[in-house]
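To start, the structure itself, in structure tokens.
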Amino acid sequence: MDKYDPIKIEEKWQKIWEKEQAFKASEDNLKTADGRPRAKMYLAEMFPYPSGAGLHVGHVRNFTIVDVLARFYRQQEMNVLRPFGYDTFGLPAENYAIKTGISPKEATKTNIDNFRKQAKRLGLAIDWSREINTSDPEYYRWTQWCFLQLYKKGLAYRKESEQWWCPVDQTVLANEQVEGGKCWRCGHEVEKKKMKQWFFKITDYADELLDDLSSLDWPEKIKVMQKNWIGRSEGAEIRFQIIFSDTAEKSRHVRDFSAELGSSRWDSSSEEESQICVFTTRPDTLFGATFLVLAPEHPLVASLVTDETREKVEAYIKETQKKSDIERQENKEKTGVFTGSYAINPATGEKIPIWIADYVLIGYGEGAIMAVPAHDERDYEFAKKFDLPIKTVIEKPENSDDDSECYGGEGKLVNSGEFNGRDASDAREQIVAWLEEQGIGKGKVTYKMRDWLISRQRYWGCPIPIAYDKNGDPHPIPEDQLPVLIPEVEDYKPDNSGRSALAKAKDWLKVTIDGEEMTRETDTLDGYACSSWYLWRYVSPHDNQSAWNKDAIKYWAPTDIYVGADHAVAHLLYIRFWCKFFADEGYLPFREPVKTLLYNGYINAPDGRKMSKSKGNVIDPLDVINSGYGADTLRTYEMFIGPYDQDASWDTNSIGGVYRFLSRCWTLCFNNNFSKNDNNLIRNKTIKRVTQDLHRRSFNTAVAALMEYVNELYKAGPEKEDVIALAKLLGPFAPHLSAEMLESLGADDVWPTWDEAALIEDEIEIVVQVNGKLRAKIKISAEGAKNQAAVESKALEDENVQKFVKSTPKKTIYVERAKLLNIVA
RNA sequence: GCCCAAGUGGCGGAAUUGGUAUACGCGGUGGACUUAAAAUCCGCUUCCUUUACCGGAUUAUGGGUUCGAGUCCCAUCUUGGGCACCA
């Protein structure tokens, strides 16, 4: 018998699979060989960014999860689509180009070739004919088409606004790409910069994106993150009449913040300029509003200051501007100044002071609040510090254990005029109705989510298919002129003009549309736009008539299982947004792109820290394969390492155990020493366990079950049938070894089924407890186990049981399902 | 601060519906084979007591419900993740 030589057999099978295009998917593959219908199954991982460093062990885990499921469903004779692609636009390739002069296009090609070669060595069951690459003009032509569809419907628009700007990468960033005030790519602190930018109007779908979360088979933590990100709050906007102080500046020097806020909320008549609009989720506490607070950037501030307060207010505003957003977030100590003016609480008619403070944010709600210190933590803190009145309007219920001075809960209204005695929850609606009657407010919903900023001032991205006429007005590039190709340039470096390197391609900039000379847009699209539709491209990746073929999409999509480890609120929100948009446009027959989302954990270095080049603790999967372990061991090890959705640390010793296990599988098959032993029980048990474990995605215990099976076959001696079952069950984890074994055994790879009857044992072991403590194990016939009295009398015969049961038992509990008898003595 | 998840041997982890806690693997240890080592094969390996059996303790800590709790409830501690002045 030859020794198990993974390198040899893996090369052999990879060649065979390549030649036979073994995993090519077709929507015509509807029936099994014996005529039963095949269900479709579409699985994908989040496609990788092919970095120069090649595959790392995290990719292997991610790809293997998809592969195990793909092969499992395939062996169960389903029609499986399992494609692969590359997310290739982005900063690393461009920064590499700036450093080395090698074009991003060239570097990307090299990296893809390397990635593909490495992925193939894992033995993945991929339909390689469907490979896609987002920086391929054949692909980004359709990204541009998608943009134009959004543009046509007004969901891609341009506006001037303050945006996050990374001074290192010299580009703006989406809110989703700013992590803790820092650039997600380079980690440098971001700044605000006012620029005219392109946006996608994701906020149009805020409600649906929120509501549909409940129907998704996604991890709860992702749903919560998306819910928080959308940040829907229901409440009311209320207008407060301003009493201008005599010395308050009447000639308005209202600064223009309307662009900043993306609306014309404050482009208003003089009547509205004498009012302050606030947003609140607690209109029921209106009677307790004892002052107003405006964000320092609020445009009305300039007209509220008086001669006495001007100096202080201006100093405060200056101080706030100096602070970075991070500093503002870090320092929670309340600060603020009085403007000098007052407003009227519309409910009480009382005159209340107007303050400014940086704990009120200009970007949320109305940039102004009514402060109810008795029932809001922050307002309470502020009122205490500046000695402002606190007025209770909600009575704390008597049974409440909340003993803080500031009560934010529910209760009955007091000090609230005609609303006294009402429940706060009812009063919310009633007060809003009253405000509407009075014409001074209305019910309103606000969201934390902002529109998706998609402009990037970078070279290596999908050009935005827009050109500008002489007046600077945008025009879409006609669809028949797509793709707008990325021009070749000498120097990829952005300058600080706020324009990408595309601006350096002078000839490319000129374009004629409808006989008119225009200048092309030089911004490129956020890479997330390119990945927002790729799951649909996979169904017809080479279609040159449409982004995706309607029949193919109807058959394959939506994606049944999508596996990733990142992008909870960016990519995973964007694909849902595009899906809903294209469903509205009639291009998709479903409104959610992914049925089941699996979110796998990371693999850390043996010391538990993140793997990184700088720490020198990176495990290279190719080294693991080439060291002699092979891909099957690597794959099986990464499935055995722990639950797929938890982080795990690499253990260099443990992988040896998996290799030993596969070697033992090999030995069982190839030492030509089959016995005639009856292993029906353990074989059927194992088939059942592995099948059920795979259905519930418990990959680590499925491998453990196979290990136990092999250990038992070593002891008992295997029948040929036992080894055939083993080879089939190994298929998802160790496909090369499985194929080699099945070939030698002359068997197909169809997933085995178990015989429930074979699982019934002749003699059953019953656990006997006395007062819940294990005291004996007795054996009884299957027939006897059905009879509680028989089990009891047998148990009481046991010497050890007798030691603990001195008199007649008070009670006995027999659980046949658990094979357990508990005697209460 | 708020929300969520988790805490089980020396280590990674298992226990699917409240029913034998510690499966499987690593590490350790003893033996077989070998001149020897590696590889391989066969044992043992939660802790305490014990040559062994028997027994006792144990799933972060403290209570509770139950015939029976790693699993359910309450409180506390620790770790990880998310959100973080969002009115």
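The sequence lines fix the lettering, A, B, ..., with proteins before strands; numbering per chain opens at 1. Atom set for the values below is all heavy atoms of this structure, side chains included, hydrogens, waters and symmetry mates excluded.
Comparing the C1' positions of rC73(B) and rA23(B) gives a spacing of 29 Å, expressed to the nearest Å. rA32(B) and rU58(B) are spaced 36 Å apart, taking the C1' atom of each and rounding to whole Å. When the P atom is used for both rA75(B) and rA5(B), the distance is 15 Å, rounded to whole Å. The P atoms of rG10(B) and rU49(B) are separated by 15 Å, rounded to the nearest whole Å. Using P as the reference atom, rG80(B) and rC26(B) are 30 Å apart when rounded to the nearest Å. rG30(B) and rG64(B) have their P atoms separated by 46 Å, with the value rounded to a whole Å. As rounded to the nearest Å, rC72(B) and rA57(B) have C1' atoms that lie 24 Å from one another. With C1' as the reference atom, rA14(B) and rU76(B) are 28 Å apart, rounded to whole Å.
Of the options Arg697(A), Arg696(A), Arg689(A), a salt bridge (Lys or Arg N to Asp or Glu O under 4.0 Å) to Asp693(A) is made by Arg696(A) and by none of the others.
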**Asked** Under the side-chain contact (heavy atoms from CB on, under 4.5 Å) criterion, do Asp722(A) and Tyr709(A) qualify, and how do the steps go?
**Response** CA-CA 9 Å; Asp722(A) 301 326; Tyr709(A) 182 50; 3.3 Å; yes
**Request:** For Phe240(A) and Gln275(A), run side-chain contact (heavy atoms from CB on, under 4.5 Å): C-alpha distance rounded to whole Å, both residues' side-chain angles, the deciding distance at 0.1 Å, then the answer.
**Result:** CA-CA 5 Å; Phe240(A) 285 69; Gln275(A) 297 180 331; over 6 Å; no
**Request:** Could you walk me through whether Asp651(A) and Tyr637(A) pass side chain to side chain donor-acceptor pair (under 3.5 Å), step by step?
**Result:** CA-CA 10 Å; Asp651(A) 181 353; Tyr637(A) 169 65; 5.5 Å; no
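Nucleotide rA39(B) forms no Watson-Crick or G-U wobble pair with any nucleotide shown, as no partner meets the under 3.5 Å limit on both distances.
Contact annotation for Lys3(A): no contact, since no heavy-atom pair falls under 4.0 Å across all strands. Within 4.0 Å (heavy atoms only), Tyr602(A) reaches no atom of the nucleic acid at all. Across all strands, Lys221(A) comes closer than 4.0 Å to no nucleic acid atom at all (heavy-atom distances). Looking at heavy-atom distances under 4.0 Å, Phe661(A) makes no contact with the nucleic acid at all. Using a 4.0 Å heavy-atom criterion, one finds that Glu708(A) contacts the sugar-phosphate atoms exclusively. Among the atoms of the strands shown, only primed sugar atoms or phosphate atoms (P, OP1, OP2) are found under 4.0 Å from some heavy atom of Arg775(A). If you check every strand for non-hydrogen atoms under 4.0 Å, Val824(A) touches sugar and phosphate atoms only. Lys715(A) comes within 4.0 angstrom of the backbone, heavy atoms only, and of no base. Residue Lys819(A) is classed as having no contact, given no heavy-atom separation below 4.0 Å to the nucleic acid. Counting any heavy atom pair closer than 4.0 Å across all strands shown, Asn822(A) reaches a base atom.
Side-chain contact of Tyr659(A) with Ser627(A): a donor-acceptor pair under 3.5 Å is absent, judged by distance alone. In this structure, a donor-acceptor pair under 3.5 Å is present between the side chains of Glu792(A) and Thr812(A). Between Thr596(A) and Asp217(A), the side chains place a donor N or O and an acceptor N or O closer than 3.5 Å (distance only, hydrogens not considered).
Other residues, nucleotides and ligands contribute over 12 non-hydrogen atoms within 6.0 Å of the NZ atom of Lys385(A).
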Please write out the pairs of protein N or O atoms and N or O atoms of nucleotides 6-17 of chain B separated by less than 3.5 Å, giving the distance to one decimal.
unit_1, atom_1, unit_2, atom_2, d
rG12(B), O2', Ile641(A), O, 3.1
rA14(B), OP1, Asn700(A), ND2, 3.1
rA15(B), OP1, Arg696(A), NH2, 3.3

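Each of Asn711(A) and Arg282(A) lies near RNA chain B, and the nucleotide nearest Asn711(A) is the one positioned closer to the 5' end.
Nucleotide rG9(B) is shown with a syn base, its glycosidic torsion being within 90° of 0.
Counting atom types as modelled, Lys334(A) pairs a side-chain N or O with a base atom of rC85(B) as donor and acceptor under 3.5 Å.
Taking the side chain of Leu361(A) as heavy atoms from C-beta on, and the options rU20(B), rC54(B), rA87(B), the nearest nucleotide is rA87(B).
Note on Tyr714(A): a side-chain N or O is less than 4.0 Å away from OP1 or OP2 of rC41(B).
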